[in-house]
Amino acid sequence: MDTAESMVESLSNISDRCSQVSVVVVSVVTNHKLSSLSIISVHRGRKSIDCGVPTQGLDKDRVTGIFYASDDSSITTGVNFNVSEEYGYSTNLFLPYVLGDVRAFPQGSRNCYSLKPSKAKDNLYLIRASFMYGNYDGKNALPEFDLYLNVNFWSTVKFKNASDQVYKEILSFATSDTTYVCLVNKGKGTPFISGLELRPVNNTIYGTEYGRNVSLVLYQRWDIGYLNGTGRYQNDIYDRIWSPYTPVSWISTKTTEYLDIFQSGYRPPDEVIKTAASPKSGDGPLELVWTSEDPNARFYAFLYFAELEKLEKNDSRKINILWNGSPVSENSFIPSSKYSMTFSNSKAFTGKDHLISVQKTEDSTLPPILNAIEIFTAYSLDEFFTAIKDVNAIESIKATYKVNKIWSGDPCSPRLFPWEGIECVYSNPNYQIKSLNLSSSGIQGPIASAFRNLTLLESLDLSNNDLQQNVPEFLADLKHLKFLNLKGNNFTGFIPKSLMKKLKDGVLALSVDDQNLCNSSSCQDKNNMVVPIVVATSVIFLLVVLVIIWIILRQRKRGANSGPGPLLPTGKRRFTYNEVSSITKNFNKVIGKGAFGIVYLGSLEDGTEIAVKMIKDSSSTRPQGSSSSPAPKEFQVEAELLLTVHHRNIASFVGYCDDDRSMALIYEYMANGNLQDYLSSEKAEDLSWERRLHIAIDSAQGLEYLHNGCMPPIVHRDVKTANILLNDNLEAKIADFGVSKVFPEDDISPVETVVMGTPGYIDPE
Ligand SMILES: *[C@@H]1O[C@H](CO)[C@@H](O)[C@H](O)[C@H]1NC(C)=O
Ligand SMILES: *[C@@H]1O[C@H](CO)[C@@H](O)[C@H](O)[C@H]1NC(C)=O
Ligand SMILES: *[C@@H]1O[C@H](CO)[C@@H](O)[C@H](O)[C@H]1NC(C)=O
């Protein structure tokens with residue numbers, strides 16, 4: 001037991017020191033003996049992603065033992081491929097696991113992964129992207145493309161040949177909980193990616209004079225001296241890949257003694273720090289030379305030192321580091337034999353030619369050594385992000401309409417590659433959306449309120465979609481809006497007065513379907529308009545009739561019956577009798593008997609359940625409401641009306657059939673039938689008072705919409721429980737417009753004296 005306890009104690013010491021690792025100890029103690037002990041280390045915030053594999057369990061790299069997950073949850077675009085066989089695992093047993101398959105992006109100029117490691121914001125991450133072309137597309141053409149981290153350029157990805165393994169690595173502080181890795185098509189071939197890895201790094205290391213305003217892109221990472229591994233070590237907590245490097249003029253040394261790597265925070269793995277090199281020539285310097293293509297590039301070098309030899313009493317090793325002849329560290333130093341030390345330049349190295357020289361001081365008896373070095377290029381994070389308000393608005397629009405475009409990463413930034421259909425105002429410190437083109441994007445439903453949050457919007461093109469309901473007032477609140485195209489949608493009602501005013505004032509160019517353009521009188525009178533609903537309690541309802549347009553329409557249509565039916569707005573459908581018959585599986589299931597016909601259950605090709613109300617054509621006009629009287633006029637009214645009415649408390653209309661054989665109205669299917677039946681069934685016992693109240697409110701809202709929301713107003717004239725339908729959530733919708741009346745707005749003179757409605761519901765007098 002003592003041993004177990006002390007082991008647990010020493011394990012928890014380790015876990016304290018490794019801030020990124022939690023050590024879980026699972027032990028089973030039987031008869032005071034430790035029978036099993038295992039350690040599971042969990043790396044918080046790490047992500048290892050294999051790009052281009054379908055969702056599955058984790059897969060383990062046989063060399064590194066790292067488990068990789070599919071990229072399905074971090075990206076929605078792109079196409080998966082395997083590399084061609086000659087480059088795959090079958091011919092190369094040690095191919096890193098992630099390089100066997102790729103995700104390629106033939107569509108869109110910018111495709112982004114969104115990575116959300118836990119607690120990302122404000123923490124330093126090492127991000128590594130890996131690529132191997134492997135002739136995955138069979139074209140044998142090496143692509144070239146750019147890589148961006150969030151909105152800033154990271155690197156260009158190029159290949160020497162199809163088996164070239166390219167790794168790009170960057171150290172950057174996460175500015176938000178989501179990190180985007182974007183691939184940008186430069187017109188030099190389709191971008192693709194093989195793997196992505198995120199490793200949290202201690203925030204206090206790899207500092208520069210620019211603090212968090214730069215990212216460090218890896219230029220070289222060398223393990224100097226002896227090497228017998230892969231360059232990737234399991235005990236490297238940050239999972240860095242160290243390339244072996246020992247020029248011929250250098251001589252390697254190594255140690256097996258313990259060296260403390262925790263001291264500095266950089267924590268080079270044992271394999272790296274326990275090997276080093278010195279110049280063969282004894283007194284000379286260790287020199288590293290490189291040339292930069294960009295004379296303005298800024299480099300930072302991190303040099304690792306530890307004494308690997310047992311020094312004699314009179315021996316000393318003292319070191320100076322110089323860059324292009326000037327000292328990097330103020331003082332010379334003596335490498336420690338107990339722990340690793342890391343030195344870096346406090347000011348960036350700039351220019352074309354670079355020479356780092358590690359020298360012994362005059363009074364040093366031993367030559368200089370170097371254990372490892374990392375060289376990075378600093379990239380300023382000088383691109384701005386889109387304002388968060390605009391991002392939220394456009395993300396909400398994207399989600400509401402399930403916009404089918406390559407919309408990933410930041411909407412406006414980087415400037416050269418904004419989202420498709422978006423233009424932005426590029427003013428500091430945040431970019432904002434000024435133009436949005438969703439023309440012909442297949443979007444459906446009402447205009448989302450999120451549009452009002454795009455406050456700098458100047459141009460909005462929503463033409464040729466299936467947008468419905470009213471054109472909302474709030475569009476007039478967009479102060480900068482100069483261009484608005486709403487043509488080719490299914491809006492009901494008229495354009496709000498406030499927008500019409502902008503149009504008249506010449507500040508807005510508005511394109512809209514004629515049916516939504518108000519004529520002058522309705523525009524001017526809208527506010528004062530009286531909805532002429534006459535309710536008389538002492539006399540029979542005297543209802544006003546003026547427009548019997550539908551009769552005229554009907555007559556006209558009869559005259560030209562051979563031609564195609566009236567054009568239905570997109571989404572609505574006119575069906576033939578044969579179609580209706582097949583939709584209802586030959587009128588198989590009766591779900592109700594309405595006032596004017598039998599209602600059948602049907603289902604559309606996409607599986608949507610619908611209710612089909614059949615009405616036999618008959619020229620006789622019998623009294624309204626008697627249960628077996630089909631009436632073509634009423635049918636006509638209902639069909640015409642339903643096409644213009646959209647509200648969540650009005651049964652929604654799928655289409656109709658009106659051919660020589662029969663007439664039918666097709667509605668959404670309401671699973672709970674009509675309220676009358678529902679209330680008289682056993683189910684009513686479970687109907688709470690709250691639910692009942694909701695049903696009443698729903699119905700009232702439907703009626704309110706008919707009276708006040710529709711232009712011209714509609715009076716139902718046959719409101720009763722049998723005409724209130726309930727869906728599976730027990731939400732009420734008003735149906736059955738068979739006897740409804742449309743009130744023309746500008747004339748109330750003629751009087752209709754026909755009694756309408758269902759006996760028992762109409763006024764007895
Ligand atoms: C890649 O290869 C694996 C295993 O051979 C296979 O299951 C998978 O379907 C392949 N993927 C593609 C995109 O062809
Ligand atoms: C491909 O390029 C890499 C990197 O330059 C090189 O090591 C390798 O030998 C090349 N392979 C072939 C088949 O040319
Ligand atoms: C929106 O895009 C369509 C093509 O997709 C184009 O015809 C139309 O002119 C664009 N609208 C604006 C305002 O640029």
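All ligand and atom numbering here is 1-based and tracks the order in the structure. Just the heavy atoms: all of them, side chains too, but no hydrogens, waters or symmetry mates, feed the values below. Quick note: residue numbers are just sequence positions, from 1. Fair warning: this is a prediction, and the values are worked out from it, not measured in the lab.
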Contacting atoms of ligand 2, where contact means under 4.0 angstrom from a heavy atom of D164: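 Answer for ligand 2: 4 (C).
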Numbering as shown, the atoms of ligand 2 that approach S163 to under 4.0 Å (heavy-atom distance):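 Going through ligand 2 atom by atom, the ones under 4.0 Å from S163 are 11 (N).
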Just need the protein heavy atom nearest to [atom], so name the residue and atom and give the distance.
atom                    : value
atom 14 (O) of ligand 3 : N437 ND2, 3.7 Å
atom 11 (N) of ligand 2 : N161 ND2, 2.9 Å
atom 5 (O) of ligand 2  : K160 CD, 3.1 Å

[X] and [Y]: side chain donor to acceptor below 3.5 Å:
X    : Y    : value
D294 : S292 : no
N152 : Y379 : no
D466 : Q468 : yes

Any salt bridge linking [X] with [Y]? Criterion: basic side-chain nitrogen under 4.0 Å from a carboxylate oxygen.
X    : Y    : result
R232 : D236 : no
D146 : K188 : no
E197 : R128 : yes

Flag: protein heavy atom within less than 4.0 Å of atom 2 (O) of ligand 3: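 Under the 4.0 Å cut-off, atom 2 (O) of ligand 3 does have protein heavy-atom neighbours.
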Heavy-atom protein neighbour under 4.0 angstrom from atom 7 (O) of ligand 1: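 Answer no: nothing from the protein, no heavy atom, is under 4.0 Å.
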Contacting atoms of ligand 1, where contact means under 4.0 angstrom from a heavy atom of N82: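 Those qualifying, in numeric order: 1 (C), 2 (O), 3 (C), 8 (C), 10 (C), 11 (N), 12 (C), 14 (O).
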Those atoms of ligand 1 less than 4.0 Å from some heavy atom in N80: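 The atoms of ligand 1 under 4.0 Å from a heavy atom of N80 are 13 (C).
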N or O pair under 3.5 Å between S459 and ligand 3: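 Checking ligand 3 against S459, no N or O pair falls under 3.5 Å apart.
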Residue D461 vicinity, atoms of ligand 3 by number, heavy atom under 4.0 Å: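 Selected atoms, number and element: 1 (C), 8 (C), 10 (C), 11 (N), 12 (C), 13 (C).
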Candidate pair K47 and D71, rule salt bridge (charged side-chain N to carboxylate O under 4.0 Å, His left out), full reasoning: CA-CA 10 Å; K47 266 189 181 293; D71 59 350; over 6 Å; no
Side-chain heavy atoms of F145 within contact of F105, under 4.5 Å: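 Result no, sub-4.5 Å side-chain heavy-atom pair not found.
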